[in-house]
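The block underneath contains the structure these notes are about, expressed in structure tokens.
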Amino acid sequence: MKSSNPKICPICGGTEFESKLRTSRFGTPYHCLKCGSGERQRAIWKIYDKIPKEILKKSKALQFSNDNSVDRNAFASFEVSVYGGDNSLDMMDIERANESYDWIISNQVLEHVADDTLAVEELLRILSSRGVIHINIPNPAYNLYTNDWGYPDPKIHDHYRHYGSDFLLRIDKALTSAYAIQVVEIDDVTDTLELVYFISKSFNLLVQQIGRSLLTQKCVVLRGK
Ligand SMILES: [Zn+2]
């Protein structure tokens, strides 16, 4: 189904959207005909538009999965790991030295990992002292509690769980020496809420790295201990 939409894609300025194999969670077209973006790409684009470019330009990045939500050219270097494919890394046992990366991106990966707390501990281990972890998971804004059934369900893309807004509480054990903030953004095309969790070893550095404008406007939960 193709329809005109008075809303504008923030990435490319496109104004036409279609439903491909699905619709948005509100039943509306989501796929930008001009740039191919969906809800997640547009919301994350808006978040990164507020992050200081000079910070990204100095950062050595590692991304899990071949996702296109973040501009790879914005970073000093950009390594991609595809589990079971190119440069495969197991997020629960990452074959990299401590403090190897300044920016680690995980979009829609943790729901495929058996032990997500262990995975975040591993991400923090390979994160530099000035580094930032970016985690996006499916739809945490729309459930209060995570439902973890403990196995990869083939009926829903081998996910181990449906996440809820308790995500940071759930991985609390991994955050004993780290700080996390939850940044909420809306995709204006579909009115869908997307969250990115930013995690760092220092709160002051987290503020500097992701930028004050983002924190003051978009930060809804601050957690760390
Ligand atoms: Zn677009």
Worksheet item: Does some side-chain heavy atom of Y179 sit less than 4.5 Å from a side-chain heavy atom of S200?
Response: no
Discussion item. Does F167 form a side chain to side chain contact (heavy atoms under 4.5 Å, CB included) with L195? I'd like the steps, not just the answer.
Written reply: CA-CA 11 Å; F167 172 65; L195 301 186; over 6 Å; no
Discussion item. Between F198 and V196, is there a side-chain heavy-atom distance shorter than 4.5 Å?
Written reply: yes
Worksheet item: What is the ring orientation for F26 with Y142, classed by angle as parallel under 30°, tilted 30 to 60°, or perpendicular over 60°?
Response: perpendicular
Worksheet item: When you look at K173 and E121, which way does the salt bridge (Lys or Arg N to Asp or Glu O under 4.0 Å) test go after all the steps?
Response: CA-CA 8 Å; K173 187 168 153 280; E121 285 173 349; 3.4 Å; yes
Worksheet item: Is a side-chain N or O of K58 found less than 3.5 angstrom from the main chain of A76, in a donor-acceptor match?
Response: no
Worksheet item: Is there a side-chain contact between I135 and L110 (heavy atoms, below 4.5 Å)?
Response: yes
Practice prompt. Answer whether the closest heavy-atom distance between the side chains of I105 and N136 falls below 4.5 Å.
Written response: no
Practice prompt. State which residues pass side-chain hydrogen bond (donor to acceptor under 3.5 Å, both in side chains) with D90; sequence neighbours excluded, sorted by chain then number.
Written response: none
Discussion item. For R42, run the side chain to side chain donor-acceptor pair (under 3.5 Å) check against D188, D187, T192 and tell me which one passes.
Written reply: D187
Fill in: Qualifying residues under side-chain hydrogen bond (donor to acceptor under 3.5 Å, both in side chains), relative to T146, sequence neighbours excluded
D166
Discussion item. I'd like to know if the side chain of R25 and the backbone of L193 have a donor-acceptor N/O pair within less than 3.5 Å.
Written reply: no
Practice prompt. Any chance you could measure Y101, atom OH, to S77, atom OG, to the nearest 0.5 Å?
Written response: 8.0 Å
Worksheet item: Will you find, in the side chains of R161 and N147, an N or O donor that is under 3.5 Å from an N or O acceptor?
Response: no
Worksheet item: Taking all atoms of both residues into account, what is the closest heavy-atom pair of A174 and T117, and its distance?
Response: CB-O, 3.7 Å
Worksheet item: If only atom types and distance count, is the side chain of E194 paired as donor or acceptor with the main-chain N or O of A43 below 3.5 Å?
Response: no
Worksheet entry | Steps toward side chain to side chain contact (heavy atoms under 4.5 Å, CB included) verdict (I126, E99) | CA-CA 4 Å; I126 65 164; E99 307 201 359; over 6 Å; no
Worksheet, complete the sentence: Residues K155 and D153: closest non-hydrogen pair is N-OD1, 2.8 Å
Discussion item. Between Y197 and I137, is there a side-chain heavy-atom distance shorter than 4.5 Å?
Written reply: yes
Discussion item. As a quick check of understanding, evaluate side chain to side chain donor-acceptor pair (under 3.5 Å) for D67 and S65, giving each step before the final call.
Written reply: CA-CA 6 Å; D67 188 84; S65 92; 5.1 Å; no
Worksheet entry | OH/Y83: more than 12 non-hydrogen atoms of other groups inside 6.0 Å | no
Practice prompt. If a pair satisfies ring pair (Phe, Tyr, Trp, His ring centres under 6.0 Å) and one of its residues is in residues 105-133, list it, with sequence neighbours excluded.
Written response: H112-H159
Practice prompt. For residues I199 and L127, report the shortest heavy-atom separation together with the two atoms involved.
Written response: O-CD2, 4.2 Å
Item to complete: Among Q41, R40, Q63, find the one that has a side chain to side chain donor-acceptor pair (under 3.5 Å) with N68.
Response: Q41
Worksheet, complete the sentence: All heavy atoms of I210 vs all of W103, minimum pair found to be CG2-CH2, 4.2 Å
Worksheet item: Do I44 and N107 touch side chain to side chain, with heavy atoms closer than 4.5 Å?
Response: yes
Worksheet item: So which pairs with a foot in residues 76-88 pass salt bridge (charged side-chain N to carboxylate O under 4.0 Å, His left out), sequence neighbours left out?
Response: E79-R96
Worksheet item: Do I11 and F17 share a hydrophobic cluster, counting only Ile, Leu, Val, Met, Phe, Trp and Tyr and linking them when any side-chain heavy atoms are less than 4.5 Å apart?
Response: no
Worksheet entry | Flag if over 12 foreign heavy atoms under 6.0 Å of CD, E95 | no
Worksheet entry | Considering all heavy atoms, the nearest S81-N87 contact | OG-O, 2.8 Å
Worksheet item: Judged by atom type as modelled, is there a donor-acceptor pair below 3.5 Å linking the side chain of N143 to the main-chain atoms of Y145?
Response: no
Discussion item. Side-chain heavy atoms under 4.5 Å apart, restricted to Ile/Leu/Val/Met/Phe/Trp/Tyr: what other residues fall into the cluster of Y160, or is it alone?
Written reply: none
Discussion item. Measuring centre to centre across the rings, with the benzene-like ring taken for any Trp, is Y48 within less than 6.0 Å of H134?
Written reply: yes
Worksheet, complete the sentence: Output for pair (I104 CD1, I133 CD1), nearest 0.5 Å, gives 5.0 Å
Discussion item. A side-chain contact here means heavy atoms from C-beta on lying under 4.5 Å apart; do R170 and D148 qualify?
Written reply: yes
Worksheet item: Among K57, R130, K60, K201, which one satisfies salt bridge (Lys or Arg N to Asp or Glu O under 4.0 Å) with D102?
Response: R130
Item to complete: Output the distance between atom CD1 (I47) and atom OG (S69), rounded to the nearest 0.5 Å.
Response: 10.0 Å
Worksheet item: How long is the span from the CD atom in E18 to the SG atom in C32, to the nearest 0.5 Å?
Response: 9.5 Å
Discussion item. Please report the interatomic distance CG(L124) to OG(S177), rounded to the nearest 0.5 Å.
Written reply: 6.5 Å
Item to complete: Please list, chain by chain and in numerical order, all residues satisfying side-chain hydrogen bond (donor to acceptor under 3.5 Å, both in side chains) with Y30, sequence neighbours excluded.
Response: none
Discussion item. Before you tell me yes or no, could you show the steps for K7 and T190 under side chain to side chain contact (heavy atoms under 4.5 Å, CB included), namely the whole-Å CA-CA distance, both residues' side-chain angles and the distance that decides it to 0.1 Å?
Written reply: CA-CA 9 Å; K7 293 175 176 175; T190 60; over 6 Å; no
Worksheet item: Between C35 and C9, is a side chain to side chain contact (heavy atoms under 4.5 Å, CB included) present by the stated rule, with each step listed?
Response: CA-CA 9 Å; C35 74; C9 173; 3.7 Å; yes
Worksheet item: Say you draw a straight line from CH2 of W45 to CG of D71; how long is it, rounded to the nearest 0.5 Å?
Response: 10.5 Å
Worksheet item: Can you check side chain to side chain donor-acceptor pair (under 3.5 Å) on S19 and T23, steps first, answer last?
Response: CA-CA 5 Å; S19 301; T23 62; 5.6 Å; no
Item to complete: Might you point out which heavy atoms bring L205 and S129 nearest each other, and give the distance in Å?
Response: CD1-O, 3.4 Å
Worksheet item: Going by heavy atoms in the side chains, are I55 and F75 under 4.5 Å from each other?
Response: no
